[in-house]
Every structure is written in structure tokens, then in C-alpha cells.
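Just below is one structure, and these are the notes that go with it.
Not measured: the values here are computed from a predicted model.
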Amino acid sequence: MHKKIPAARITLTLIAVATLSACGTTAMRSTPVACAELPAALASLKNVRVTASKDVAADDKGTPAHCQVTGVANERTGVDGNAYAIAFEMRLPQAWNKGFLHQVNGGNDGKVVPATGALGVLAVNGLQRGFAVISSDSGHAEADPANKHFGLAQGNAFGIDPQARRDYGYTANDTLFTVAQSLIQRHYGQPPARNYMAGCSNGGRHALVAATRYADRYDGILAGAPGLNLPKAAVQHAWDVQSWQMVHPADPDIRKAFSPDDMKLVAAKVLQQCDALDGAADGLVNDLGRCQSVFKLADLQCAGDKTAQCLSATQVTALDRAFAGPRNSKGEALYSDWSFDAGMGAGNWRFWKLESQIPPWDKLPLIATMGAGSLSYVFTTPPTMTNGTPAALLNFLTKFNFDTDAPRIFARNDLHTESAMQFMTPPDVDDPKLSAFRQRGGKLIVYHGNSDAVFSVNDTQRWFGQLQTNAGADGAAFSRLYSVPGMAHCSGGPATDQFDALGALVDWVEKGQAPQALTASLNPANKEVPANWSASRTRPLCAWPQVARYQGGDLESASSFRCVAP
């Protein structure tokens, strides 16, 4: 039996096909439409409503003159009675480079982030480079007043609606690609010569999903810190919380499990045992893999009572348990293990894992508030209707059962016909091939911070390693992974966390220049860089599995290091 395809989807698809076909040798050209006239020009596009368009002047911060368009697509009423739509913004620069950049955003989505093509590691964003950029809320509003009674779970309650789940997972990007192609065609009178997608965190997940589901659309994809197994990573939140609660059984306050000084002690021990493995004692662990066999957390365990110079036995047990990753009672892994790195003592790691400074969250970490809401409402089927108070969300994770609750990320029912693992992950996540993307000549760059507290860099490395195995000799011809020593989630941490991954991708796609090492420098926005590092410090980011080794010379210069096999 064939499913009936909505007329709106047919219309959008036909426009996309016409636009895509124009990207061949003979581009489809038409009379360019001025910015102010775009709402009328796209009025015939079914199920899409352009709500405003305006010319924006260049500013003194480097933003170029451009046309800013806002609108909504696929307006509907959900099963929960709430109004839904895919809200979007597109910016079309006057000095267009003939490229399209699909900006995919992080977290729960739920808001339209300005369509500038910005990523934390980039000094120059996509709009400044001349790309036409689209951004969206992925089909739901995090501040929907109809969901205000859900408290801190307000931004997660969309998970009650199955279509909102699918839009969040992948279908909003399907719709938006067509909208973007139509806007570009009408405004510039021609289709883009190249199509790109870029994002970090959940945006990195969006990007890897697109590399599989929409392989025929994108010439280049940039995926930062990709949550490629995001529902499984959410199970880790419960595992972490229950691990932290083991530290002080009589007072299981996770905020007290490890003080900031305790975590700085762990980071200092990592550096003591691993920093010089690459030949340079510089505050960075370049040889992360070797470090895991050298570093021994047990070396920090107190011989007697807890002091400022050591960890208690329960702290060592809890941290070891958390870093081993979640398991059920049969010992089966439910997500991934983690690597010890020098960024564990930084504020970003603590904010995610142990403690925030946000009073409405009761200063609980992000995993125990926003993370718990996602696992409860979006990633379990049926949704778990958890009260949105900090205490209730924490309690949900405290009581999470890894035998009976964890399988619900794979569950379906009559209403929610796709499991979280189906609508959130690349369809071939366990055995990635990206055959269609590779065969059409697409290029993929992935980057991931080694001190990421949200998604394990080990999980990304395993995924990428399997991709390389499956692709064989073709693997290096279309894909690169860069692990960033010390970097936290998407940016930050004691790291050289500014590097032009987008420029490297464009050069690969458009000039055939395959990237080797990326040169990383200190990000002016990063407040966690050690004070004793030179402001001019640069480091090479090596294509995984290579690692950077010091060859002698200026310790602050990338040219003093060489990428070698581990």
C-alpha cells in the first residue's frame, strides 16, 4: 500500500527538483526579485508563508549588507492541540558567493537562531563569507506559552507530538532545503552552485543525518561534536546522576559529589601523566589514546581520609563508573565509554555534569534539567510525563532503570511510529557507509573536543573508524575527523579552539584541496584558556587517527609540531 503524499510536499518537492536540476551544466535563470517583493513572489508556494523581508545594511562588525527573510512552513495543529510550524530565517547577502549554507542548530532547537552561519570555532561566519544562510526552530517553539505549565520541560514538551519529533529529527530539514532553494532562485535569479550544511552538537547530528538521508543535496557537510547517538547519550545523563549520588550516600546531592578543586585535581593529574607524551609539556594532551592506558585514576585515591590532594574511594569509584559508560544488568553497553582529558577541570565540563549557577535550575547541571526533560519527553516512547521542577527532573534520572527504561529509546507505539533512535540518528548509525554521499563527490569534515562533557569523543571516533573501514581506500578521499585536545562541547576549555573548518571544507569541495592538519589558535571568546599560554599560540589539529608531536623549536607555534601515526 502506498502512502498518500500531501499536495504541499509534492509542490515543494517539484520546486526542489527544478532547482536542483538547475545546478547542472545549464543553470535555470530567471529575473531576480528584490528583497521587499519576496513575500509576494513566493505566495504561490503551498504551505509556506513568508512573513517579512527587509534589506539590512552592513555594520561595523563585519556583517555584510543582505536581505533578511522570515517565515513559517507546514503550519498545523498537533495531537496535543498546540499550534506547530517550522519557523525560519534566511539571509541573502548582496555580495553572494553563489553558495548555500544550511545552518543546523544545537540543543532542543525550538528557536530561530540568527542565520549567520556562525560556529564557535570560526573567526569568520558563513554570511560574512558570502553564503546565503537559512536557520530554523526545527518545527517547534521552546517558549510556546501553551506549554508553560511544563516548567523546565517547556522546551521538551513538543515530544508529545509525533510529527514534532520527526521534524526535530530530520523532516524539518527536508522542508527547509526546498524553501531555501526557492528563495535563492527567486532573489538571485539562479540556483546556488554549491550546497553546504554545518552545525555543532545537535546541529552536528543534523549534519550526519543529512549525509545519509539527503545525500544527493549537499556538496559539503561540516559536523561539530555530533550527537550521532543522542538518545543513548541522554541515557548517560541518568548514569552520571546515579554515579554522582554514590559519592555521599547519606547526602546524595550531585552538586557536592566533586568540588571544583576536586575536578581540577583530576585534570592536573591527567596533565602530569599525559601532557609530555607528545614531546611537549604545554598543557595539552595530544596523544589522547595513549593517555588512556597511562592515566590511572586510582593514583589519586586517598590512603586515608579525604584531603585537598586526593579523592575519596567513593569519588574514584563514581568517576570510573561514569567514564565507563552506562550498562544494563547484563553488562551490555548502552552508550559509550569516555576519555580522560585535561579539560575536566574547566567550567564548561562542570556546568554540564555537576553544577550550574542558574537559580531556576536549583543550580543543578544541564544534564539534570534540560537533559532530563529531553530523555523524558522526546527520547522515551511513550513520552514520560515528568513534572518540570528541578527536583522532579532529577528524580526521573535518579530512578531511571537501565533494564526497563533504557530500551524505551528504541520503542514505538501506534501514535509514535518511529522510535527516538529512528528519528534522531543516521539510519546506518551502527554501520556507516555514506555510499550515496561519497559517490556523488560529497565531502565531510567532523570535529570533536576531547573534553566534551555531552557527547563522548570515543563514540565519534568509533563511528568514524567504522566509516573508514567500510569505505576502504575511498575513506580519506571524502571524510576527515579532527579531535581537539582540551576543547569542551563545541568550543571552550583549555584549548586552541579557533580553526577554519568551514574554509577547509569549501577548499576541498570547490578547489579539490584535501585538508591535512588544520591550524588552531586561541579563541578570543574562550575564557578558560590558561593564563600562562602565549596569546599567539597555534597548534595543528591532525586528521584522526594521527596525533601532533613536538619536533623542536618555538613551543607556541604549530610549525614546531608534526602529525604522525599514534
(request) Return the set of residues passing ring pair (Phe, Tyr, Trp, His ring centres under 6.0 Å) with F295 (not counting sequence neighbours), or none when no residue passes. (result) F340
(request) Kindly confirm or rule out a cation-pi arrangement of R205 over Y168, judged by NZ or CZ under 6.0 Å from the six-membered ring centre and within 45° of its axis? (result) yes
(request) Return the set of residues passing ring pair (Phe, Tyr, Trp, His ring centres under 6.0 Å) with Y214 (not counting sequence neighbours), or none when no residue passes. (result) none
(message) Any carboxylate oxygen within less than 4.0 angstrom of a Lys/Arg side-chain nitrogen, looking at D251 and K256?
(response) yes
(message) Show every ring-ring contact (aromatic ring centres under 6.0 Å, His included) that has at least one partner inside residues 493-537, sequence neighbours left out.
(response) Y447-F499
(message) Just to verify, what does F379 make a ring pair (Phe, Tyr, Trp, His ring centres under 6.0 Å) with, not counting sequence neighbours?
(response) none
(message) Tell me whether N105 contacts the main-chain N or O of G203 through its side chain, where contact means a donor paired with an acceptor under 3.5 Å.
(response) no
(message) W352: which residues meet the ring pair (Phe, Tyr, Trp, His ring centres under 6.0 Å) condition with it, sequence neighbours left out?
(response) H489
(request) Establish, yes or no, whether a centroid distance under 6.0 Å links the rings of Y196 and F131. (result) yes
(message) Once side-chain hydrogen bond (donor to acceptor under 3.5 Å, both in side chains) is applied, what residue pairs with a partner in residues 268-285 remain, sequence neighbours excluded?
(response) K269-Q272, Q273-D299, D278-N286, D282-R539
(message) Is it the case that atom CZ in R562 sees more than 12 heavy atoms from other parts of the structure closer than 6.0 Å?
(response) no
(request) Verify the neighbour count for atom CG of D59: are there more than 12 heavy atoms of other residues, nucleotides or ligands below 6.0 Å? (result) yes
